[in-house]
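Chain identifiers are assigned alphabetically (A, B, ...) following the order of the sequence lines, protein sequences preceding nucleic acid strands; residue numbering begins at 1 within each chain.
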Amino acid sequence: MSRDAAGAEAPSSTSIAARARAAVVPQAAGYLDGLNPEQRRAVEATEGPVLVLAGAGTGKTRVLTTRIAHLIAIGRARPFDILAVTFTNKAAREMKERIGALIGPAGEGMPWLGTFHAIGTKILRRHAELVGLRSDFTILGTDDQLRLLKQVIEAANIDEKRWPARGLAQAIDGWKNRGLAPEQVPAGEAGAFGFGKGGPLYAAYQERLRTLNAVDFGDLLLLCLKLWRDHPDVLASYQDRFRYILVDEYQDTNVAQYLWLRLLAQGRRNVCCVGDDDQSIYGWRGAEVDNILRFEHDFPGAVVVRLERNYRSTGHILAAASTLIARNEGRLGKTLHTEAAAGERVTVMGAWDSEEEARLLCESIESMQARGEPLSQVAVLVRISAQMREIEDRLVQLGLPYRVIGGPRFYERAEIRDALAYLRLTANPADDLAFERIINTPKRGLGDATLQALHGHARRQSVPLLQAARLIVETEELKPKPRSTLRALGQCFGRWAKLLEAQPHAEVAQTILEESGYTEMWQKERTADAAGRLENLKELVRSLEEFPDLPAFLEHISLVMDASEAEGGERVSLMTLHAAKGLEFDTVFLPGWEDGLFPNQRAIDESGRAGLEEERRLAHVGITRARKRAKISFAVNRRIHGLWSSTIPSRFIDELPESSVEVIEAPANFSYGPSRFDRQPTPFGSSYGTPGWQRAQANTAGQDRFGGQDRFGGQDRFGGGRRGGPQQIEGTLVAKSTGSPSSFAVGARIFHTKFGPGSVAAVDGNKLTVDFDKAGRKMVLDSFVQPA
DNA sequence: ATGAAGAAACGTCCG
DNA sequence: GTTTCTTCAT
């Protein structure tokens with residue numbers, strides 16, 4: 001009551017009492033100020049299920065954080081009564097900060113704000129015994145998972161060449177994403193891998209995990225489900241504990257996460273999901289758009305709030321994005337609007353090939369820089385990372401500083417994983433995977449033969465590898481040299497473990513890395529990146545200091561994927577469209593809008609219309625990253641898998657509203673001459689989108705007059721090469737790929753290891769267009785197929 | 001055990 | 001075409 005009054009008083013900050021109160025609880029006052037009516041509704045609808053459909057740039061995080069602040073401020077919940085789940089650590093961190101800013105230190109203690117995985121871990125550690133684990137279980141990263149799967153496959157006597165561990169990992173992840181334990185996998189699917197052994201292999205893998213006292217990422221959720229199903233009392237305690245549940249990015253939840261949430265939400269039913277069906281771009285990772293589309297059905301009586309007022313982009317940008325996304329059928333429907341000015345139109349520009357596209361794009365950035373635009377407000381968003389190289393090359397040439405966002409993650413780097421393996425093994429001598437990783441890193445002469453012997457010994461004595469090493473050196477099984485090396489290694493780990501009790505763990509880590517010879521290994525290597533690796537190791541030791549002890553650090557590191565990249569600096573940002581979600585920039589370049597690349601052919605092949613719609617959402621995400629300028633471009637020729645092929649402008653370009661788009665002609669360039677646009681599509685007002693045009697385009701493309709890479713050969717080549725060109729280029733390509741044209745004829749029956757049987761629909765040199773019985777139409781190289 | 005040559009991938013990527 | 005992994009030979 002009195003708190004509500006305080007809220008109402010807040011606007012009249014002239015009152016002495018209000019000012020005095022604000023000095024004590026400064027953030028409690030006025031946190032609702034500045035919310036628009038819809039946002040306010042989303043914040044104040046505290047009871048029962050709520051779905052907040054938050055379009056791009058509509059203040060989603062603000063609603064989420066204000067809602068939490070509100071729940072605490074009006075006394076509905078204490079910080080530890082609230083479960084708030086996000087997908088990424090970054091989002092969780094951000095939310096913590098913003099809540100802190102709203103309600104002060106009171107918000108610091110939100111123990112249940114975190115990623116699905118972090119919270120799952122926390123719950124599992126408390127009840128590990130109930131699902132057959134010890135509470136100090138280790139969490140396996142992707143690389144460990146793969147190594148383990150390889151062992152499982154070999155143990156089952158299956159040819160790992162034919163059935164790579166990667167494929168099994170994908171299948172298992174897929175099952176886990178759908179909440180399926182080995183015995184729940186549908187019979188039809190279980191046979192999909194390794195001559196019908198997919199199911200048993202999954203079971204064997206889980207068995208191995210159990211004996212290693214380890215879990216993978218999927219298990220963090222799956223085992224929670226098992227725990228709750230087998231122990232209703234435990235479930236009830238959590239249902240009771242979480243008075244309010246909030247979920248960020250609900251459109252990205254997979255089935256397992258959905259089940260996890262639903263079990264918890266069945267308690268008090270105060271669940272608030274925030275998301276945007278138009279920004280669901282992780283279907284290939286198991287996300288189910290359906291979860292958000294079905295929310296009202298799953299939670300009857302749900303309040304649905306739409307946030308459609310956009311605070312980020314100008315009118316034209318919003319119009320372009322909205323018109324585009326309106327083509328999707330599977331959506332709840334929102335229309336973004338803004339009070340901002342119309343601003344600049346979205347530009348669309350064609351380039352001759354990807355190299356020219358990169359050049360024009362970077363020159364455009366350069367001139368923006370000259371006009372005084374900060375580079376930190378410029379981003380280039382590509383569909384696939386392979387597009388990055390050409391753009392990077394160009395940026396380097398022009399001397400424009402840039403950074404790549406979402407590159408290899410810190411923890412995934414080899415040196416970090418090696419170092420972590422040392423730390424893991426010190427903390428947990430039973431960590432066999434860590435042992436295998438470092439037994440011969442740095443090289444110390446312990447090769448396959450030694451490892452084999454160790455494995456045998458470990459199995460016979462049923463002890464972990466490190467323990468086996470200590471035992472085996474007392475026998476005659478090994479030759480003298482490896483025996484003494486191994487003895488020394490075993491003693492090292494014993495010593496380090498003791499040291500851990502006596503010294504600060506960061507110092508011990510430093511000692512471990514030095515005494516093991518690991519740092520020395522990189523110091524001796526004089527390659528360009530060795531220095532960077534040593535720097536990363538230092539960073540690792542430094543970050544260790546932020547944790548109370550080594551186990552806490554190891555847990556953190558296994559859950560935290562990205563060491564937050566050093567922000568700031570005047571740099572152009574380069575990233576994939578996926579990595580761009582949640583970010584915004586004044587100017588956004590969107591290159592590579594070509595059918596096949598974007599929308600990506602594979603997405604369409606594998607998921608049909610759903611795939612196309614996801615690609616369209618990706619386009620929508622791309623455009624809505626821009627505050628002031630969105631610049632789309634495409635190339636007419638692009639090298640795909642090393643072969644030059646002609647491309648067609650993305651169908652998405654045609655779907656943009658003409659009134660918000662401006663078609664830019666590439667600046668005239670000496671190497672082309674005035675006739676360059678003769679064969680260039682004019683994106684608007686012509687019929688280039690028609691099948692006929694596309695066929696015409698595809699046909700001429702087969703006989704390109706000049707190969708992209710030779711374009712700069714000068715006017716001589718351009719003028720003279722017009723007639724002689726085609727043969728020359730064709731010849732080069734064929735010679736470089738296989739040496740002979742395809743021996744397959746149209747109509748021939750073939751077999752492809754990945755796609756199975758099919759019949760040849762078209763032949764182009766050594767490229768075949770094949771209609772596969774199962775996989776549909778695909779382009780493949782003839783060297784990958786054999787006669788059926 | 002280490003380097004060179006050959007083969008295969010090459011879609012997006014969080015925890 | 002480029003990169004990365006594997007395999008083979010030394």
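Between the C1' atom of B:dG15 and the CG atom of A:Asn254 lies a distance of 11 Å, rounded to the nearest Å. Atom pair A:Ile119:CD1 and B:dG15:P shows a separation of 13 Å (rounding to whole Å applied). Taking atom CG of A:Leu221 as the reference point, atom P of B:dG15 lies 13 Å away to the nearest angstrom. One atom, NE2 of A:His117, and another, P of B:dC14, lie 12 Å apart when rounded to the nearest Å. Rounded to a whole Å, the CZ atom of A:Phe217 is 5 Å from the C1' atom of B:dG15. One atom, NZ of A:Lys176, and another, C1' of B:dG15, lie 13 Å apart when rounded to the nearest Å. For the pair A:Ile640 CD1 and B:dC10 P, the computed distance is 16 Å after rounding to whole Å. Distance, A:Phe116 CZ to B:dC13 P: 20 Å, rounded to whole Å.
For A:Phe634 and A:Trp593, the ring centers are positioned 6.0 Å apart or more.
Nearest nucleotide to the side chain of A:Asn89, out of B:dG11, B:dG15, B:dA1: B:dG15. Listed nucleotides B:dT12, B:dG15, C:dG1 differ in distance to A:Arg639; the shortest reach to its side chain belongs to C:dG1. When the nucleotides B:dG11, B:dC14, C:dG1 are ranked by their closest atom to the side chain of A:Arg602, B:dG11 comes out on top.
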(request) Just do the side-chain contact (heavy atoms from CB on, under 4.5 Å) check on A:Arg147 and A:Arg437 with the steps written out, would you? (result) CA-CA 10 Å; A:Arg147 193 131 13 97; A:Arg437 182 171 184 103; 3.6 Å; yes

(request) Determine, stepwise, if the pair A:Tyr205 / A:Asp216 fulfils side-chain hydrogen bond (donor to acceptor under 3.5 Å, both in side chains). (result) CA-CA 10 Å; A:Tyr205 167 67; A:Asp216 63 17; 2.8 Å; yes

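In this structure, A:Glu249 reaches neither bases nor backbone, as no heavy-atom distance under 4.0 Å exists between it and the strands shown.
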(message) Wobble G-U and Watson-Crick pairs count when both distances are under 3.5 Å; given that, what is the 5' to 3' dot-bracket string of DNA chain B, with | for pairing to other strands?
(response) ||||||||||.....

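Here A:Trp284 packs flat against the base of B:dT12; its ring centre is closer than 5.5 angstrom to the base's six-membered ring, tilted by less than 30 degrees.
Counting non-hydrogen atoms of other residues, nucleotides and ligands closer than 6.0 Å to CZ of A:Arg166 gives a total of 12 or fewer. Dense packing is recorded around NZ of A:Lys122, with more than 12 heavy atoms of other residues, nucleotides or ligands lying under 6.0 Å away. With a 6.0 Å radius and a threshold of 12 heavy atoms from other residues, nucleotides or ligands, A:Gln170 has its CD atom at or below the threshold.
For A:Arg389 and C:dT3, the shortest distance from a side-chain N or O to OP1 or OP2 is below 4.0 Å. Within the 4.0 Å cut-off from OP1 or OP2 of B:dC10, not a single side-chain nitrogen or oxygen of A:Ser385 is found.
Rounded to whole Å, the P atom of B:dG11 lies 15 Å from the corresponding atom of C:dT4. B:dC14 and C:dT3 have their P atoms separated by 22 Å, with the value rounded to a whole Å.
Residue A:Asn440 is the one, among A:Glu614 and A:Asn440, whose nearest nucleotide of DNA chain B lies closer to the 5' end (criterion: closest heavy atom). When each of A:Phe87 and A:Leu618 is assigned the nucleotide of DNA chain B with its nearest heavy atom, A:Leu618 is the one assigned upstream, toward the 5' end.
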Name the pairs: protein N/O against N/O of nucleotides 6-10 of chain C, kept only if under 3.5 Å.
from: C:dT7; atom 1: OP1; to: A:Lys161; atom 2: NZ; distance (Å): 2.8

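Under the 30°/60° scheme for interplanar angles, the aromatic rings of A:Trp175 and A:Tyr202 are found to lie parallel.
When the salt bridge (Lys or Arg N to Asp or Glu O under 4.0 Å) test is applied to A:Glu415, the partners found at least two apart in sequence or on another chain are A:Arg533.
Between A:Glu614 and A:Arg617, at least one side-chain N (NZ, or NE/NH1/NH2) sits under 4.0 Å from a carboxylate O, which counts as a salt bridge.
Because its NZ or CZ atom is not both nearer than 6.0 Å to the ring centre of A:Phe585 and within 45° of the ring axis, A:Arg625 does not count as a cation-pi partner of that residue.
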